[in-house]
Amino acid sequence: MEPVRRKALVDAALRVIGDHGSLAVTMSDIARQAGVSPALAHHYFGSKEQLLIETIRSLLRQLRSDTVAALAAARTPRARLSAVIRVSFHADQFAPGTIAAWLAFYAEAQRSEETRRFLVIYARRLRSNLLADLKALLPADAAERIAEGAAAMIDGLYIRQSLKSAPIGIEASIALTEDYLNALLATASPSPRSEKGRPHRTTQGQMT
């Protein structure tokens, strides 16, 4: 039962953080949502801080798993770029509670080095996934510039989705990012590798 209860507590933490819009929640709040006692929650995680760290780990693991599956199904560098974009706006990741939790973790990263480290892992992984396939299509300097811009656009659209007064849907967010990518790809010079049609392989960073 331990893995089941640990997952239930992590899922409950995500829901409670999303409902509150911050990490100012208690272990009792999370335990109540999971249907267990606070003592049992402390038994499995030791402290609220450790439970919150496991929650952000869980978000990153799910995002990585979804990305690996999407990339495996894509056959060309351009298709892999689209796969990364679509995964970034996946329904699970774009759920209001999940967005609120991500933003709460970003706020926490201003004072927590461990939380900041996990968010840096996310940012580096997103950039790496974009850059790997852009380099198959463009010269290195153009690929790096576009990867930075696309990553910033994905993060920006994600933040805008949290503003209830100006929601942007999943498909609209994907379309905007694709339009940005298409416009820059059309004006940039192709890389020698893409002209020669060399095969390209995308690698994934390991979770730490």
Side-chain angles (χ1 to χ4, degrees), residues 56-74 76-96 98-110 113 115-163 166-191 193-194 200-208:
I56 193 172
R57 274 180 175 273
S58 177
L59 286 171
L60 285 169
R61 280 195 298 265
Q62 185 60 55
L63 184 57
R64 180 177 184 272
S65 176
D66 291 344
T67 302
V68 169
L71 289 173
T76 66
R78 184 62 185 87
R80 284 191 284 270
L81 289 169
S82 291
V84 172
I85 292 169
R86 184 162 288 278
V87 166
S88 297
F89 299 113
H90 191 276
D92 290 343
Q93 291 291 330
F94 227 45
T98 305
I99 291 175
W102 273 110
L103 293 181
F105 282 119
Y106 270 103
E108 177 69 7
Q110 304 308 304
E113 180 61 27
T115 302
R116 190 190 73 82
R117 182 174 69 86
F118 282 114
L119 293 175
V120 167
I121 288 173
Y122 155 74
R124 287 176 176 171
R125 187 177 293 160
L126 174 59
R127 181 182 183 277
S128 176
N129 285 331
L130 292 167
L131 187 58
D133 289 299
L134 283 167
K135 280 185 173 179
L137 301 171
L138 304 169
D141 57 343
E144 291 178 5
R145 175 172 52 83
I146 295 173
E148 291 290 353
M153 189 169 190
I154 289 169
D155 288 342
L157 288 169
Y158 200 84
I159 291 172
R160 287 189 66 184
Q161 178 64 13
S162 70
L163 304 176
I168 300 174
I170 291 174
E171 294 304 323
S173 296
I174 292 171
L176 282 170
T177 310
E178 288 281 3
D179 287 348
Y180 168 81
L181 201 57
N182 286 333
L184 292 181
L185 286 172
T187 58
S189 301
S191 72
R193 282 190 298 171
S194 65
H200 177 71
R201 179 178 298 171
T202 299
T203 58
Q204 289 291 311
Q206 294 298 313
M207 185 70 186
T208 58

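Just so it is clear, the structure is predicted and the values come from calculations on it, not from any experiment.
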Exercise for the section: Provide the closest heavy-atom pair for Leu119 versus Ala109 in the form atom of the first, atom of the second, distance. Expected result: CD1-CB, 3.6 Å
Practice task
Taking the side chain as every heavy atom from C-beta outward, state whether Leu63 and Leu126 have any atom pair closer than 4.5 Å.
Solution key: no
Fill in the blank from the handout: When Val84, Val87, Asp66 are each screened for side-chain contact (heavy atoms from CB on, under 4.5 Å) with Leu71, the one that passes is Val84
Practice task
Just do the side chain to side chain contact (heavy atoms under 4.5 Å, CB included) check on Leu137 and Leu81 with the steps written out, would you?
Solution key: CA-CA 11 Å; Leu137 301 171; Leu81 289 169; 3.9 Å; yes
Exercise for the section: Answer whether the closest heavy-atom distance between the side chains of Arg117 and Ile121 falls below 4.5 Å. Expected result: yes
Exercise for the section: Decide side chain to side chain contact (heavy atoms under 4.5 Å, CB included) for Tyr106 and Ile159; before the verdict, give the C-alpha distance in whole Å, the side-chain angles of both, and the deciding distance to 0.1 Å. Expected result: CA-CA 11 Å; Tyr106 270 103; Ile159 291 172; over 6 Å; no
Exercise for the section: Identify the heavy atoms of Leu138 and Ala188 that sit nearest to each other, and give their distance. Expected result: CD2-CB, 3.4 Å
Practice task
Go through Glu178 and Arg78 one step at a time and tell me if the salt bridge (Lys or Arg N to Asp or Glu O under 4.0 Å) criterion holds.
Solution key: CA-CA 10 Å; Glu178 288 281 3; Arg78 184 62 185 87; 2.5 Å; yes
Practice task
Could you tell me the separation between the CD1 atom of Ile174 and the NE2 atom of His90, rounded to the nearest 0.5 Å?
Solution key: 9.5 Å
Exercise for the section: Apply side chain to side chain contact (heavy atoms under 4.5 Å, CB included) to Ala79 and list each qualifying residue two or more places apart in sequence or on a separate chain. Expected result: Ala74, Thr76
Exercise for the section: Would you mind reporting whether Ile146 and Leu130 have side-chain heavy atoms less than 4.5 Å apart? Expected result: no
Problem - Minimum-distance pair of heavy atoms, taken over all atoms of Gln93 and Ile99 - result: O-CG1, 3.8 Å
Handout entry: Side-chain heavy atoms of Glu144 within contact of Arg127, under 4.5 Å
Key = yes
Handout entry: Under the ring-ring contact (aromatic ring centres under 6.0 Å, His included) test, residues paired with Tyr122 that sit two or more places apart
Key = Trp102
Handout entry: Nearest-0.5 Å distance that lies between atom OG in Ser82 and atom CG in Asp133
Key = 10.0 Å
Practice task
Give, for atom CD of Glu171 and atom CG of Leu176, the distance between the pair rounded to the nearest 0.5 Å.
Solution key: 11.5 Å
Practice task
Answer with yes or no after comparing the ring centroid distance for Phe94 and Tyr158 against a 6.0 Å cut-off, counting only values under it.
Solution key: yes
Problem - Rounded distance (nearest 0.5 Å) linking atom CE of Met153 with atom CG of Leu181 - result: 10.0 Å
Exercise for the section: Determine yes or no for a side-chain-to-main-chain donor-acceptor pair under 3.5 angstrom, with Thr98 supplying the side chain and Asp92 the backbone. Expected result: yes
Problem - OG1 on Thr115 to CZ on Phe105, rounded to 0.5 Å - result: 7.0 Å
Exercise for the section: Measure the spacing between CG of Leu60 and CZ of Arg64 and express it to the nearest 0.5 Å. Expected result: 10.5 Å
Practice task
State, yes or no, whether a side-chain contact exists between Gln62 and Arg57 at a heavy-atom distance under 4.5 Å.
Solution key: no
Practice task
For the pair Thr177 (side chain) and Ser173 (backbone), establish whether a donor and an acceptor sit closer than 3.5 Å, ignoring hydrogens and angles.
Solution key: yes
